[in-house]
There are 2 protein chains.
Amino acid sequence: MPRIDDVARLAGVSTATVSRALRGLPTVSEATRSRVLEAAAQLGYIASPSASRLAGGKTRSVAVVVPRITRWFFATVVEAAEDAFHQAGYDLLLYNLGGSEHERQRLLHTSALYKRVDAVMLVATPLLADDFASVTGLKLPGVTVSSGTRVPGWPSIRIDDVAAARTATEHLIGLGHRRIAHISGDPSDELAFTTHIDRRQGWCQALLAAGIEPDAQLDVEAEFTVAGGGRAVAELLRRGAPPTAIFAACDEIAMGAMAALRQAGLRVPADVSVIGIDDHDLAGVVGLTTVAQPAAEQGRLAAATLLRPLTQDHGPVDDTVILPTRLTVRESTAPPRAH
Amino acid sequence: MPRIDDVARLAGVSTATVSRALRGLPTVSEATRSRVLEAAAQLGYIASPSASRLAGGKTRSVAVVVPRITRWFFATVVEAAEDAFHQAGYDLLLYNLGGSEHERQRLLHTSALYKRVDAVMLVATPLLADDFASVTGLKLPGVTVSSGTRVPGWPSIRIDDVAAARTATEHLIGLGHRRIAHISGDPSDELAFTTHIDRRQGWCQALLAAGIEPDAQLDVEAEFTVAGGGRAVAELLRRGAPPTAIFAACDEIAMGAMAALRQAGLRVPADVSVIGIDDHDLAGVVGLTTVAQPAAEQGRLAAATLLRPLTQDHGPVDDTVILPTRLTVRESTAPPRAH
DNA sequence: CTGAAAGCGCTTACAG
DNA sequence: CTGAAAGCGCTTACAG
């Protein structure tokens, strides 16, 4: 493989000039630049990334950290971000925590990211108190997506989870429901992962505003997955009389809940209404009413936010963006049956 | 940040010895090694990846190329592969082609991967004739997942698509269906992407074996997505009398088809049976009968296959593995109604 | 088992 | 606008 001095020799210039010409720096005459470009093309020259990185101190890479790439929201965010990063010429290093606390620690505390990337995008990554120091200690631009995480000084792209949950619950209340269950994450979670806390809060707020006391019997924990939704419904039914409606903190839970309800002989929405948050690709297929959030948009925006300090040399940005959600009514919600 | 000579000084050895000790090379005495480890720990030393890569000629990174990370199969493969690569200390560069021919070209033809990774994993990446030269020209170990791609000399991890399609079609035939539609990719596709070709072939084989002539009117093209399945059903219905059963080449198509059928006033399976291939996370939720394929297993195996030549110095491996599939019957298939 | 020295292939002040 | 030289921070023969 040709190296930079091969190109320099062929073009009759120094390696410094080759480097400058190829990177499009302005301090190269047009004549020289075209001679260099031609020589490089002729030789099929590609600069060695490792050498450029070592000499230049920039990796042109970003780390994207997600809990589970197999979940709709994260895959959608990553897809949009990937596009933006590659268009800008950045490599994307994917880190899938997979729910492993060990992985989280390894990534955040062993300086695994040190000199490996120029920026970090944390998607719904739970952070403990001392994680913040590690992450900030990287001295890199960062962005968080989804309110699950918030790093002081980093911009955050997300929706208003409390409001989204309120919207969902109000939709059920508006249909006439009073016994409205809530399925979401573990409230006692020590990790500073606030998504499910916020969504539970929205549920409470909406109920209280309607004069309904939130019932602990109707508040169930679950993993944010289809299987989690199924298990939560089983638990709900075990506890006694089923609710007339369920607000699930995400569509995957909601879809798992719908399936479990049907399996238990309950009809959706005739016996139990179900609403989620997301607008998952398959929400339409199962007729799930949901509060839609713009996942791809969040990925795109987060990438753009991260690229700004990298590609220009403006100071650090701190523009937190809260994107709108939208109630999307389908067939899984209806008024409760008259007794 | 401390550099290798800081560690060397503190441990009272040369940088060469630090390098050897930290990488666990056997030619270091235990006493020296522990002194070095201690010094490194004390300083919080982390080797600069760029410098190691430049000096050592290895990047400890792999490229994973997928068509769309938002599709179930690809996300699942990537999740499993990511785990294996990170456990082995390799970085994962994600490339999501997003259906863009331009992206494919850029990745494969501009030596974008040159000196950037030590190995390449192509998941269902369509390849044209001259792509093979580019890919092989990288002189890197590679592996392909899913029969959509096959690179001479590279191991391939996949299922038998023809057989899986035959199994699906035979299930429908066994229930008594004769008018069995097929929904899959574009058969005239110039790209050497054989998945949908193989699955169509399985459909034909099963029909012919049962003495049924494949009907071109019942053979519809579609993107491998929910929306694609919906559009395909619309097309099918436009063509005339609906089939009594549909074999969809993947679960996402199948689920889109189910939704579109219901929307058109047809019941599944009473009026039309539907079967897919995959066993998508949500197949159970919608009661979809399918031919299950082990996606995570394919990702795991592909990663392990790729890591073998990287971590040991055996020669290139060429062990193609064909994993088994399994018919999983749920509620979307039933005998046709008697006329 | 260990070290001195060269080298990996670029980029970046510095000087002109 | 261009070049000579130093330097980025490691690893790898080579020698002992």
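Note that the structure is predicted; figures quoted are calculated from it, not measured. Quick note on labels: first sequence line is chain A, next is B, and so on, each numbered from 1.
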Please determine whether a side-chain nitrogen or oxygen atom of [X] lies at a distance below 4.0 Å from atom OP1 or OP2 of [N].
X	N	result
B/Ser14	C/dT2	no
A/Tyr45	C/dC10	yes
A/Ser29	D/dT2	yes
A/Lys115	D/dG9	yes
A/Arg23	C/dT12	yes
A/Ser19	C/dC10	no
B/Ser52	D/dT11	yes

Under the 3.5 angstrom rule, does the side chain of [X] hit a backbone N or O of [Y] as a donor-acceptor pair?
X	Y	result
B/Arg53	B/Lys58	no
A/Arg20	A/Val28	no
B/Arg300	B/Ala80	no
B/Thr125	B/Leu122	no

Checklist entry - Does a salt bridge link A/Asp118 with A/Arg60, judged by any charged N lying under 4.0 Å from a carboxylate O? => result no
Checklist entry - Got a salt bridge between B/Arg35 and B/Glu38, using NZ or NE/NH1/NH2 to carboxylate O under 4.0 Å? => result no
To the nearest angstrom, how far is [X] atom [atom1] from [N] atom [atom2]?
X	N	atom1	atom2	result
B/Leu54	C/dG9	CG	C1'	5 Å
A/Arg60	C/dT11	CZ	C1'	14 Å
B/Arg116	C/dG9	CZ	C1'	14 Å
B/Leu43	D/dG9	CG	C1'	15 Å
A/Ile4	D/dT2	CD1	C1'	14 Å
A/Leu25	C/dC10	CG	P	15 Å
B/Arg3	D/dG9	CZ	P	5 Å
A/Arg33	D/dC1	CZ	P	9 Å

Next on the checklist: Under the side chain to side chain contact (heavy atoms under 4.5 Å, CB included) test against A/Tyr95, which residue among A/Val64, A/Val66, A/Leu113 passes?
Outcome noted: A/Leu113
Item to check | Distance-minimising heavy-atom pair for A/Leu92 and A/His86 | outcome: N-NE2, 4.0 Å
Next on the checklist: Can you identify which nucleotide, out of D/dG7, C/dT2, C/dG3, has its nearest atom closest to the A/Ala55 side chain?
Outcome noted: D/dG7
Checklist outcome for this item: Heavy-atom nearest nucleotide on DNA chain C taken for B/Ala51 and for B/Gly12; more 5' hit belongs to B/Gly12
Next on the checklist: Here's a test of your reading of the structure: between B/Thr15 and A/Asp5, which maps to the more 5' nucleotide of DNA chain C?
Outcome noted: B/Thr15
Checklist outcome for this item: Parsed dot-bracket for DNA chain C after applying the Watson-Crick and G-U rules with both distances under 3.5 Å and | for other-strand partners is |||.||||||||.|||
Next on the checklist: Applying a 4.0 Å non-hydrogen cut-off, can you work out what B/Ala16 is touching in the nucleic acid: base, sugar-phosphate, or nothing?
Outcome noted: base
Checklist entry - If you look at every strand shown and take non-hydrogen atoms under 4.0 Å, does A/Thr32 touch a base, only sugar-phosphate, or nothing? => result sugar-phosphate
Checklist entry - Would you say the side chain of A/Arg20 and the base of D/dG3 hold a donor-acceptor pair, judged only by whether the two atoms sit under 3.5 Å apart? => result yes
